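Here the structure is a predicted model, which is why all the values come from computation and not from measurement. Chain identifiers are assigned alphabetically (A, B, ...) following the order of the sequence lines, protein sequences preceding nucleic acid strands; residue numbering begins at 1 within each chain.
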Amino acid sequence: MPELPEVETVRRGLQPALESARLTSVEARRPDLRFPFPERFAERLTGARVEAVERRAKYLLMPLDTGETWVTHLGMTGRFSIERRGDAEAPGRFHNAAPAEDRHAHVLLETDGGARVTFFDARRFGYMGLIATAKLQAHPWFAGLGPEPLGPEFTAAHLLRRFAGRARAVKPLLLDQRIVAGLGNIYVSEALHRAGIDPRAAGGSVTPVRLKRLVEAVRAVLEEAIQAGGSTLRDFSNAKGELGYFQHRFRVYDRANAACPKPRCRGVTRRIVQGGRSTFYCPVCQR
DNA sequence: CCCACGACCTGTGGGC
DNA sequence: TGCCCACAGGTCGTGG
């Protein structure tokens with residue numbers, strides 16, 4: 001589900017409950033998500049102190065005082081909720097089922113600070129790992145990742161180098177986490193629209209000037225989305241059950257056959273399929 | 001290497 | 001109302 005802005009929103013929600021807290025109770029209620037849980041997963045987490053709550057690309061990273069880092073990828077539908085121990089079952093909230101009765105509540109944790117943290121994932125495309133912190137960067141999940149789109153290494157020069165000679169369309173190239181890490185289907189469509197670039201254009205054909213516009217558009221849309229608490233399509237919420245609202249500011253995503261929102265553009269937005277995934281764009285102002 | 005596609009899994013919304 | 005299909009924010013493996 002979540003792209004970088006949603007993962008960052010989750011990170012910010014988890015931080016107050018988990019950073020510096022000790023995990024007093026951990027239960028994995030099934031043997032696997034997308035992949036099997038690590039060996040003795042609950043035992044290795046129980047008693048550990050969480051030193052920080054960080055994000056790399058779409059991964060949540062929680063380095064522990066045991067020397068390992070607890071890594072979570074939310075996949076398409078993964079989410080966390082936080083309650084205070086002893087809370088009534090959060091009546092009236094977006095997610096109001098008691099976690100233990102929810103068939104998709106896969107990991108239950110408690111902290112010495114009195115928080116109950118639950119991980120849900122209906123489709124189970126998410127996954128968790130425990131990786132030696134000193135070897136994190138060399139781990140296959142991280143070794144090949146491209147730069148953070150909000151970091152200093154994500155530049156027009158970087159894209160120029162990585163797109164050179166590529167016949168593949170720019171849209172699927174931007175979804176490749178080895179080129180830039182954290183974008184997904186929504187924000188790629190949004191950034192290409194803002195930059196006025198045709199998603200079908202061959203990567204290697206995009207000029208440096210346009211790549212610079214693209215880099216700026218990616219940064220802008222991600223920053224605005226983080227500011228808005230991410231986007232809520234079907235079921236995304238932050239850890240407190242609050243909805244993101246950036247979906248109201250989509251310019252093209254999920255808006256096929258609507259008037260292009262760009263000032264003075266007379267185009268109508270279209271939905272096409274690239275690499276099996278929907279792309280939304282305006283054929284008039286994206287060339 | 002490059003690329004498109006199916007697979008993984010469940011839920012939901014729209015059309016009939 | 002009810003059923004069925006298409007599609008969903010992500011990646012990974014396969015095969016051409």
Undergrad: When you check the phosphate oxygens OP1 and OP2 of B:dC9, does a side-chain N or O of A:T77 lie under 4.0 Å from one of them?
TA: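 No.
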Undergrad: To the nearest Å, give me how far apart CG (A:L33) and P (B:dT10) are.
TA: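 Answer to the nearest Å: 12 Å.
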Undergrad: Tell me: CG of A:L174 to C1' of C:dG10, nearest whole Å?
TA: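 Distance, rounded to whole Å: 16 Å.
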Undergrad: Looking at A:Q177, does any N or O in its side chain come under 4.0 Å of the phosphate oxygens OP1/OP2 on C:dT11?
TA: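 For A:Q177, the contact criterion (side-chain N or O under 4.0 Å from OP1 or OP2 of C:dT11) is met.
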Undergrad: Minimum heavy-atom separation for A:E153 to A:P147, with atom names?
TA: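 Minimum heavy-atom contact is CB-CB, 3.7 Å.
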Undergrad: In whole angstroms, how far is the P atom of C:dG9 from the CD atom of A:E190?
TA: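 Distance check: A:E190 CD to C:dG9 P gives 12 Å.
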Undergrad: Consider the side chain of A:R271, meaning its heavy atoms from C-beta on, and name the nucleotide among C:dG9, C:dA8, B:dC3 that approaches it most closely.
TA: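 Among the listed nucleotides, the one closest to the side chain of A:R271 is C:dA8.
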Undergrad: Name the closest nucleotide to the A:A122 side chain, picking from B:dC3, C:dC7, B:dG11.
TA: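 The closest nucleotide is B:dG11.
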Undergrad: Quick check, does A:F125 stack with B:dC9? I mean ring centres under 5.5 Å and planes off by under 30°.
TA: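 No, A:F125 does not stack on the base of B:dC9.
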Undergrad: Looking only at N and O atoms, is any donor in the side chain of A:R277 or the base of C:dA8 less than 3.5 Å from an acceptor on the other one?
TA: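 By the distance-only test, no, there is no pair.
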Undergrad: Between P on B:dC1 and CG on A:L173, what's the gap in Å once rounded to a whole number?
TA: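 Answer to the nearest Å: 16 Å.
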Undergrad: Under 6.0 Å between ring centres: does that hold for A:Y127 and A:H73?
TA: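 Yes, the ring of A:Y127 comes within the 6.0 Å limit of the ring of A:H73, centre to centre.
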Undergrad: With a cut-off of 6.0 Å (strictly less than), are more than 12 heavy atoms of other residues, nucleotides or ligands near CD of A:E43?
TA: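 Check passes, neighbour count above 12.
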Undergrad: C:dG10 P sits how many Å from A:R79 CZ, rounded?
TA: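 Rounded to whole Å, this separation is 18 Å.
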Undergrad: At under 4.0 Å between heavy atoms, what does A:G275 touch on the DNA or RNA strands: base, sugar-phosphate, or nothing?
TA: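 Here A:G275 touches no strand at all.
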Undergrad: Got A:P172 and A:R277 here, is their nearest side-chain heavy-atom distance under 4.5 Å?
TA: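 A:P172 does not reach A:R277 side chain to side chain.
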Undergrad: Can you find an N or O donor on one side and an acceptor on the other, under 3.5 Å apart, linking the side chain of A:R124 with the base of B:dT10?
TA: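 Between B:dT10 and A:R124, which were checked side chain against base, a qualifying N/O pair under 3.5 Å is absent.
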Undergrad: Please give, in whole Å, the distance from B:dC8 C1' to A:D32 CG?
TA: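 Checked: the CG to C1' distance equals 11 Å.
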Undergrad: On a whole-Å scale, what distance lies between the P atoms belonging to C:dG9 and B:dG14?
TA: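 Pairwise P distance, C:dG9 against B:dG14, rounds to 16 Å.
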Undergrad: Regarding A:R166, tell me which of base, sugar-phosphate or nothing describes its non-hydrogen contacts under 4.0 Å with the strands shown.
TA: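 Sugar-phosphate: the residue A:R166, judged by heavy atoms under 4.0 Å, touches backbone atoms but no base.
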Undergrad: Check the pair A:F142, A:Y59 against ring-ring contact (aromatic ring centres under 6.0 Å, His included), reporting the backbone distance first and the verdict last.
TA: CA-CA 9 Å; A:F142 300 99; A:Y59 290 92; 4.7 Å; yes
Undergrad: Please figure out whether A:Y127 or A:R123 has its closest DNA chain C nucleotide nearer the 5' end.
TA: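 It is A:R123, whose closest nucleotide lies nearer the 5' terminus.
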Undergrad: Tell me: NE2 of A:H73 to C1' of C:dG9, nearest whole Å?
TA: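 Checked: the NE2 to C1' distance equals 10 Å.
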Undergrad: Measure CG/A:L175 against P/B:dC3 and give the value in whole Å, please.
TA: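 In whole Å, B:dC3 P lies 13 Å from A:L175 CG.
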Undergrad: Taking 4.0 Å as the cut-off, does a side-chain nitrogen or oxygen of A:K58 come that near to OP1 or OP2 on C:dG9?
TA: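 Answer no for this pair, as no side-chain N or O of A:K58 is under 4.0 Å from OP1 or OP2.
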Undergrad: At under 4.0 Å between heavy atoms, what does A:R178 touch on the DNA or RNA strands: base, sugar-phosphate, or nothing?
TA: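 Since no nucleic acid heavy atom lies under 4.0 Å of A:R178, the category is nothing.
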Undergrad: Using the P atom as the point on both nucleotides, what is the distance between B:dC9 and C:dC4, in whole Å?
TA: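 Result for the P pair: 22 Å, nearest Å.
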Undergrad: Once you measure the plane-to-plane angle for A:W141 and A:F35, does it fall in the parallel (<30°), tilted (30-60°) or perpendicular (>60°) bin?
TA: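 Aromatic pair A:W141/A:F35 classed parallel.
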Undergrad: Which one, B:dC3, B:dG11, B:dC9, comes nearest to the side chain of A:R103?
TA: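 Looking only at side-chain atoms, A:R103 lies closest to B:dG11.
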Undergrad: Counting distance only, does the side-chain N/O of A:E110 pair as donor-acceptor with the main-chain N or O of A:R85 below 3.5 Å?
TA: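 Answer holds: no.
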Undergrad: Can you tell me the pairing partner of B:dC9 across any strand shown, Watson-Crick or G-U wobble, with both distances under 3.5 angstrom?
TA: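 Across any shown strand, B:dC9 pairs with none.
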Undergrad: When you measure from the side-chain N and O atoms of A:H104 to the phosphate of B:dT10, is any distance below 4.0 Å, counting only OP1 and OP2?
TA: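 A:H104 to B:dT10 OP1/OP2: no side-chain N or O under 4.0 Å.
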Undergrad: Under 4.0 Å: is that the gap between some side-chain N or O of A:Y253 and OP1 or OP2 of C:dG9?
TA: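 True: A:Y253 side-chain N/O within range (under 4.0 Å) of C:dG9 OP1/OP2.
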Undergrad: For the side chain of A:R34, starting at C-beta, report the closest nucleotide among C:dG9, B:dA4, C:dG10.
TA: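 Selected nucleotide: C:dG10.
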Undergrad: Does C:dG9 have a Watson-Crick or wobble partner in any strand here, with both distances under 3.5 angstrom, and which is it?
TA: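 Pair assignment: C:dG9 / none.
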